[in-house]
Amino acid sequence: GDSVTQMEGPVTLSEEAFLTINCTYTATGYPSLFWYVQYPGEGLQLLLKATKADDKGSNKGFEATYRKETTSFHLEKGSVQVSDSAVYFCALSANFGNEKLTFGTGTRLTIIP
Amino acid sequence: DTAVSQTPKYLVTQMGNDKSIKCEQNLGHDTMYWYKQDSKKFLKIMFSYNNKELIINETVPNRFSPKSPDKAHLNLHINSLELGDSAVYFCASSQFERASYGYTFGSGTRLTVV
């Protein structure tokens, strides 16, 4: 079945550091890929998405590129801020009419000033 | 206006009780979901309804019963609550066959069974 594997957390970085959170997936066909963010005490918010190979999703300085050859969708940001502290989830949707999102286990990110 | 709203936000109850969580969306979406997030933050789908019809029913104890009176509402009723039911439950919505658009999530209901 479909699955998403994320790098284990927690991740702690200093402000202005470069961020990479790795995500790889297993799916049949051509899934859509997503990054969601969950701030403390809140629900999940869509951060960015990509629907086909080589698409780059971007939002709030975060980027991720859909790499079909490596089945990856790594999240990057060039200079993180304290306000980026949250849990980040990689997810996929198989686009076959079965609309469920399959999530990775989440990566907790803490940015220290 | 809140797009996907859940009530209550917090729910503390004793083992063996029956409780309900309500969810409403005002986005005009036709598909709604319930997800369970455990203490390690892992998210797993429980149910999905499209236009009031059940389309996804993962391996969930039959003590959990979803009800969708219309496409804007999806409630979750839980009978005979157990300690292991303690979790955060998220409602979400999307437009069917538009999975690439992503979901909109509610802010969650933290259920604590004591």
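Quick note on labels: first sequence line is chain A, next is B, and so on, each numbered from 1.
- Salt bridge annotation for A:E63-A:K56: present, with a cationic side-chain nitrogen under 4.0 angstrom from a carboxylate oxygen.
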If you apply the rule side-chain contact (heavy atoms from CB on, under 4.5 Å), what do you find for A:Y66 with A:Y25, and how did you get there? CA-CA 11 Å; A:Y66 190 144; A:Y25 68 90; 3.3 Å; yes
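- With rounding to the nearest 0.5 Å, the separation of CG in A:L92 from OG in A:S3 is 7.5 Å.
- In this structure, no portion of B:K44 lies under 4.5 Å from any heavy atom of chain A.
- Of the atoms belonging to B:Q6, not a single heavy atom falls under 4.5 Å from chain A.
- Looking at A:Q38, only its side chain comes within 4.5 Å of chain B, counting heavy atoms on both sides.
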Quick one, B:Y49 with B:Y33, criterion ring-ring contact (aromatic ring centres under 6.0 Å, His included). Give me CA distance, side-chain angles, the key distance, then yes/no. CA-CA 6 Å; B:Y49 270 73; B:Y33 312 81; over 10 Å; no
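- For A:L44, the parts lying under 4.5 angstrom from a heavy atom of chain B are both the backbone and the side chain.
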